[in-house]
Amino acid sequence: MSARSSISAVTQGWRGLIVPAALLAAWALAGAAKAGNPVLLVPIDTVARAGFDAIKSGELPGAIAATMTRAAVGWSIGALFGFAIGLVTGLSDSSRRLASPTLHGARQIALFAWIPLISAWLGNGEAMKLALIALSAFFPVFLSVEAGCRQVPLAYREVGRLFGFTRTGEISCIILPAAAPTIIAGLELAFTVAWIGTIGAEYLIGSGYMYAFADGIGAFLAGARENARMDLVVVGILSLALTGFARDRAVVLTSKRILAWRPQSH
Amino acid sequence: MAPAISLASQAPHERRSAPAGIDIAGIAKSFALNGSRIEALRDIQLTIPGGAFVSLVGPSGCGKSTLLRLIAGLEAPDRGEIEVGGRAVRAPGLDRGMVFQDHRLFPWLTVERNILLGLRQLPGTEFQKRAIVRDLIALVGLAGFEHAKPHQLSGGMSQRAAIARALAPRPQVLLLDEPFGALDQLTRGRLQGEILRIWKHERITMLMVTHDVEEAVFLSDQIVVVDQRPGRIQARIDVDLEKPRRRSDPAFVALKERVFELLSAAEPQQGALTHSHIVVKENK
């Protein structure tokens with residue numbers, strides 16, 4: 001990267017901070033001017049103090065860690081099943097005709113509509129939350145693996161035939177690498193969906209004990225709401241924004257590294 | 001599938017026996033297109049001697065590429081039999097290599113790894129295989145580009161890599177489906193010289209489909225003119241000019257003219273030509 005483009009990358013990074021900074025300034029001004037109901041529009045210093053306390057007590061870091069772990073575990077389970085089933089239906093026409101209509105139909109069911117059914121089976125504990133997160137991650141991965149495998153150009157597969165590849169060789173050396181961009185896009189999407197699913201599960205299902213602020217950001221938000229602590233609600237929302245942004249950057253950078261063989265589009 | 005050739009017999013520059021020829025007997029092939037059947041090839045009889053360089057020329061859509069794919073074993077004929085080196089073709093095999101107009105290199109692999117894939121089904125250590133790949137890269141003039149990815153190569157370089165990959169299992173026959181069709185004229189001319197050099201070096205049978213009459217005259221021992229719809233062999237022309245050929249040589253130009261005439265005669269007149277084979281000998 002040339003010196004000039006790295007400088008412009010930095011300035012462009014700074015430019016992205018203008019809007020959040022302006023919002024924070026407007027927020028601080030509104031607090032200083034005593035505009036609005038301070039219970040509903042919490043002044044910025046109150047939120048900052050609440051946030052500081054929540055970090056110091058370990059509640060907020062604990063909640064963030066719990067949410068991230070839960071999202072990662074649920075995503076892994078869902079991605080594993082999605083990958084395995086997508087591979088089967090993507091590689092075999094007969095299994096696709098057998099299983100895909102059902103799976104594509106099940107995909108249309110809104111994620112949180114599964115809660116009554118899954119909670120009846122698995123209770124209201126951790127298993128239930130993980131099942132819901134896994135389910136949310138399953139569909140994007142399943143769809144991308146199925147589509148990725150089916151879209152491998154015949155031209156590439158013919159090369160494998162000419163060199164006498166076995167089916168296993170064809171799958172490992174041609175189909176999976178060729179499908180990798182699609183599959184990785186599905187894994188990325190699944191992670192975003194699983195993140196939303198995690199917060200939803202934590203918020204809606206609760207933690208089995210009251211006001212468990214450390215049991216994920218979703219539970220943190222639910223507890224803050226129960227206690228009418230708008231300052232903590234805002235703290236929860238801001239930490240969601242920040243961790244979500246960091247998670248997204250990490251995922252994008254990782255997949256860029258994996259797909260480095262592709263020509264840079266810009 | 002059991003590999004037809006083992007690496008043990010692959011000491012460089014050492015040919016086991018005379019290269020395999022191709023015998024095509026009574027081949028017919030048709031395709032379904034929008035509910036109707038298109039007859040791509042009808043009653044193809046052709047013998048290609050081992051070690052020869054033969055070109056198939058004809059109007060586009062005349063089934064030349066189909067014939068190549070049948071020999072490769074990528075498709076099965078409706079009728080007839082193809083033998084390569086006396087063995088009937090049932091499926092693709094390592095005794096036949098193929099180069100396509102689109103280089104078909106895998107974009108996620110380096111040049112070296114792309115060529116290594118051609119050796120995947122053969123026995124031998126990684127070390128032996130890497131040595132073979134190094135020789136091939138030198139043979140096609142890509143030394144220094146071992147670790148380049150296909151998107152970093154020019155069209156001509158990609159085709160060189162594709163040729164190296166097709167040659168990796170040391171096939172008896174190399175099938176070339178318009179290999180230089182997508183290249184600019186300068187690169188094409190250079191690669192024509194290169195393929196001639198590789199053909200002499202490897203001493204294998206090469207069968208090339210081309211639209212380019214000059215290319216066919218420049219490279220071939222025999223030019224086969226294919227008629228269209230249904231594809232039939234209209235003429236076989238033996239080219240006895242010494243290689244490498246000079247494109248300005250009057251005999252070269254005269255031969256080019258003759259092939260052009262035959263090709264224009266092959267344009268649409270449906271069924272006018274019964275398959276009487278015109279055999280033109282060009283003696284120096």
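Atoms considered below: every heavy atom in the structure, side chains included; atoms not considered: hydrogens, waters and symmetry mates. Lettering of chains follows the sequences in order, A, B, ..., and the numbering in each one begins at 1.
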Visitor: I need the residue from B/Arg104, B/Lys149, B/Arg96 with the largest number of non-hydrogen atom pairs under 4.5 Å to chain A.
Guide: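 Ranked by contacts with chain A, first place is B/Arg104.
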Visitor: Identify the two heavy atoms, one from A/Cys173 and one from B/Arg120, that lie closest to each other, and give their separation to 0.1 Å.
Guide: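 Nearest pair, atom of A/Cys173 first, then B/Arg120: SG-NH1, 3.3 Å.
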Visitor: Step by step, work out the side-chain contact (heavy atoms from CB on, under 4.5 Å) result for B/Leu117 and A/Phe165.
Guide: CA-CA 9 Å; B/Leu117 268 193; A/Phe165 280 20; 3.8 Å; yes
Visitor: Are A/Val159 and B/Arg165 close enough, and set up right, to give a side-chain contact (heavy atoms from CB on, under 4.5 Å), and what steps lead you there?
Guide: CA-CA 10 Å; A/Val159 172; B/Arg165 181 174 66 176; 3.7 Å; yes
Visitor: Is it the case that over 12 heavy atoms from other parts of the model lie below 6.0 angstrom from the CZ atom of A/Arg96?
Guide: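 Yes, the 6.0 Å shell around CZ holds more than 12 heavy atoms from other groups.
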Visitor: Is the OH atom of A/Tyr156 crowded by more than 12 outside heavy atoms at less than 6.0 Å?
Guide: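 Counting other residues, nucleotides and ligands, OH of A/Tyr156 exceeds 12 neighbours.
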Visitor: Using side-chain heavy atoms (C-beta onward) and a distance below 4.5 Å, is A/Glu158 in contact with B/Arg69?
Guide: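 Yes, at least one pair of side-chain atoms sits under 4.5 Å.
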Visitor: Can you name the closest pair of heavy atoms from A/Arg161 and B/Pro92 and give their distance?
Guide: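 Taking every non-hydrogen atom into account, O-CB, 3.3 Å.
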Visitor: Heavy-atom cut-off 4.5 Å, strictly under: side chain, backbone, both or neither for B/Leu105 against chain A?
Guide: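 Only the backbone of B/Leu105 comes within 4.5 Å of chain A.
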Visitor: Look up atom CG in B/Leu94 and atom CG in A/Leu162, then write down how far apart they are to the nearest 0.5 Å.
Guide: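 Going from CG on B/Leu94 over to CG on A/Leu162, the span is 9.0 Å.
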Visitor: Check whether A/Ala178 gets within reach of chain B through its side chain, its backbone, both or neither, counting any heavy atom under 4.5 Å.
Guide: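 Both backbone and side chain.
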Visitor: Quick one, B/Pro169 and A/Phe163 - any side-chain contact, counting heavy atoms below 4.5 Å?
Guide: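 When only atoms from C-beta onward are counted, A/Phe163 and B/Pro169 do touch, with a gap below 4.5 Å.
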Visitor: Take a 6.0 Å sphere around CZ of A/Arg107 and say whether it holds more than 12 heavy atoms from other residues, nucleotides or ligands.
Guide: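 Yes.
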Visitor: More than 12 heavy atoms of other residues, nucleotides or ligands under 6.0 Å from CZ of A/Arg257: yes or no?
Guide: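 Count not over threshold, so no.
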